Amino acid sequence: MALPIAYDLVRVFSGPLFSTPRGIDRIDLGYARHFAESWRGDCGGTLPAPWGIVWYDRDRLLKLIDRLEELWSERACSKESEVGLDEIKSKLAGRSRSIVRKWARNDRREIARRFANLFAAGGIPSGIRRLSSAPKNSIYVNIGHVGLAFPCFVSWLRRRPDIKPVFMLHDMIPLENPEWVSEAGLRNHHKMTENAARYAAALIATSPTARSSVMREFALRGRKDIPVATVPLPVAPLFLEKFERDEELASHNYFVVCGALQPRKNHVLLINVWRELVRRRGPHAPKLVVVGSTGWGGEPIRHLVTRCREIEDHLIFAEDLSSPALRSIMSHAKGVLMASHAEGYGLPIIEALCVRTPVVVSDIPAHHDVAGDYAIYRHPIDGLGWLAAVESLTDDTEDARAARQRTLTYRPPTWPNYFAKIENFLSQL
């Protein structure tokens, strides 16, 4: 009989803060759904509350997952995302001169409505006593990071020594490259790593690069022998489904970069590449669709692109796109670009390859882990190299055709194969 799973629900309950999911949100939700639907033993969710740890049984957990997917429009484009797609199409066609789609500030009333909607689906169980919520000898699985930096969210594990905590640590970028994060982000990552080292019975790593980084930090904390499963993250099933070709999107010449607007993602390099493209090609230069919200350090980048008159007709910014909308944008692009200085993984890379779109990525270890021989690699400060790669894909050169042909043989990590490895690892605990 498989041991019970106690799945951490902090990220799930944080979902209504955002109208659409980020990559890690989709992974977290995929984990929750798999355990709730397929785990052979007992399964439920844990949520810290002022009166103790609330336990959501399997039925309530499934209701929460279904409702959050509805709120995020994961199975069909929402009206919000359709508006976003229409705005992108309008800009690609030159019908709109607004360089930046509105950087969304979620309305507090709308956020409150979404929270109420989610709570209505799962409810709050009554009569749950502190520390007795999760079944005995459970495996506590925390994928989402949220709350791991705060002792009050995990300190209950000290009083439940029968529970085996398993954490996924995505990367150690803030500790290895603190220049790319805020002071608060650095402090939180320190605390998160300390708490994980204190409580973890085992770890899940997303790539060999991420594993090496995590184990260096754990060795410094006396946990170098902790069991670790290194399993590449799978692509969301949506990106493997057949979809209708959008003739309007297919008629345009554009590229996509997907990721929060922050210095680590290296948007400035791509903006300068587009300056040169426009100088060389004028109105015939390809356009760049930037998908992502403004993160830490992103305001100067936002200021730069809103004031850069040379390329205002060739930059399109979009937030709050649902996964179906993102898939549509990616699948009709000339290429997907990821110029990051540092990453732990890189979900947009495998999402793009799944829809047979070539990728140009920075030449860093994590990207080699993810893309192997399927990507075009450029150093993150090699502006001329990036310019040449973009021009090659734009002009449909022999190299570009070869890159597209390689995508046809790409086989991504999938949820069934992924969880076969994860379940085998957990069963050994």
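These figures come from a predicted structure and were not determined experimentally.
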Counting C-beta onward and ignoring hydrogens, is there a side-chain heavy-atom pair between [X] and [Y] closer than 4.5 Å?
X    : Y    : value
R113 : R109 : no
P48  : F150 : no
V257 : M338 : no
F419 : Y31  : yes
L233 : M168 : yes
I226 : F218 : yes
V359 : L337 : no
V390 : F255 : yes

Problem set entry | Polar side-chain atom of T357 near backbone of M330 as donor-acceptor pair, under 3.5 Å |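 Checked: pair present.
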Exercise. Hey, is the main chain of R406 close enough, under 3.5 Å, to the side chain of T409 for a donor-acceptor pair?
Worked result: yes
Seminar exercise, completed: The residue among I143, I422, I204 that forms side chain to side chain contact (heavy atoms under 4.5 Å, CB included) with V166 is I204
What is the distance from atom [atom1] of [X] to atom [atom2] of [Y], rounded to the nearest 0.5 Å?
X    : Y    : atom1 : atom2 : result
F18  : L71  : CZ    : CG    : 14.0 Å
L426 : L3   : CG    : CG    : 9.5 Å
L9   : L47  : CG    : CG    : 6.0 Å
D8   : Y140 : CG    : OH    : 3.5 Å
I24  : I27  : CD1   : CD1   : 6.5 Å
K421 : N424 : NZ    : CG    : 10.5 Å

Enclosure of [X] [atom1] (heavy-atom neighbours >12, cutoff 6.0 Å):
X    : atom1 : answer
E247 : CD    : yes
L220 : CG    : yes
Q405 : CD    : no
Q428 : CD    : yes
L408 : CG    : yes

Exercise. For E391 and L277, what are the C-alpha separation, side-chain angles and deciding distance, and is it a side chain to side chain contact (heavy atoms under 4.5 Å, CB included)?
Worked result: CA-CA 8 Å; E391 288 199 302; L277 280 171; 3.6 Å; yes
For this session: Go through the steps for D171 and H189 under the test side chain to side chain contact (heavy atoms under 4.5 Å, CB included), then give the verdict.
Result: CA-CA 10 Å; D171 59 66; H189 217 85; 4.1 Å; yes
Run the salt-bridge test on [X] and [Y] with the 4.0 Å N-O cut-off and return the result as yes or no.
X    : Y    : answer
E194 : R198 : no
D396 : K334 : no
R11  : D25  : yes
K89  : D246 : yes
R279 : E310 : yes
R221 : E217 : yes
R26  : E69  : no
E179 : R264 : no
R22  : D28  : no
E299 : R302 : yes
E37  : R58  : no

What closest approach, in Å, do [X] and [Y] show between heavy atoms, and which atom pair accounts for it?
X    : Y    : value
S328 : S331 : O-OG, 3.0 Å
C354 : L240 : SG-CD2, 3.7 Å
I329 : Y254 : O-OH, 2.7 Å
H367 : I349 : CD2-CD1, 3.5 Å
W39  : D42  : CD1-O, 3.4 Å
A339 : P380 : O-CB, 3.8 Å

For this session: Begin with the C-alpha distance, continue with both residues' side-chain angles, and end with the deciding distance and a verdict on side-chain hydrogen bond (donor to acceptor under 3.5 Å, both in side chains) for H379 and S362.
Result: CA-CA 5 Å; H379 194 280; S362 52; over 6 Å; no
Problem set entry | Y377-H368 aromatic ring centre distance below 6.0 Å | yes
Problem set entry | Output field: ring centroids F13/F119 closer than 6.0 Å |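 Between F13 and F119, the centre distance is under 6.0 Å.
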Exercise. Going by atom types alone, do T397 and S392 pair a side-chain donor with an acceptor below 3.5 Å?
Worked result: yes
Exercise. Hey, are S340 and E343 close enough side-chain-wise for a donor-acceptor pair under 3.5 Å?
Worked result: yes
For this session: Please assess H34 against E423 for the test side-chain hydrogen bond (donor to acceptor under 3.5 Å, both in side chains), listing each intermediate value before the final yes or no.
Result: CA-CA 11 Å; H34 174 81; E423 288 191 3; 2.6 Å; yes
Problem set entry | Worked check of salt bridge (Lys or Arg N to Asp or Glu O under 4.0 Å) between R281 and D395 | CA-CA 12 Å; R281 297 174 178 243; D395 295 335; 2.7 Å; yes
For this session: Could you go through the salt bridge (Lys or Arg N to Asp or Glu O under 4.0 Å) check for K91 and E87 one step at a time?
Result: CA-CA 6 Å; K91 181 63 180 177; E87 291 178 356; over 6 Å; no
For this session: Apply the test side-chain hydrogen bond (donor to acceptor under 3.5 Å, both in side chains) to residues R114 and N117: give CA-CA distance (whole Å), side-chain angles for both, the deciding distance (0.1 Å), then the verdict.
Result: CA-CA 5 Å; R114 292 200 296 264; N117 198 329; over 6 Å; no
For this session: Give the intermediate values and the outcome of side-chain hydrogen bond (donor to acceptor under 3.5 Å, both in side chains) for residues T209 and D369.
Result: CA-CA 7 Å; T209 298; D369 289 342; 2.5 Å; yes
Exercise. R216: what forms a salt bridge (charged side-chain N to carboxylate O under 4.0 Å, His left out) with it, not counting sequence neighbours?
Worked result: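 R216 satisfies salt bridge (charged side-chain N to carboxylate O under 4.0 Å, His left out) with E176 once adjacent residues are dropped.
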Problem set entry | Intermediate values then yes/no, salt bridge (Lys or Arg N to Asp or Glu O under 4.0 Å), E398 and R401 | CA-CA 5 Å; E398 185 176 339; R401 290 191 290 273; 5.3 Å; no
Exercise. Which residue pairs pass the side-chain hydrogen bond (donor to acceptor under 3.5 Å, both in side chains) test with at least one member in residues 223-240, sequence neighbours excluded?
Worked result: R211-T230
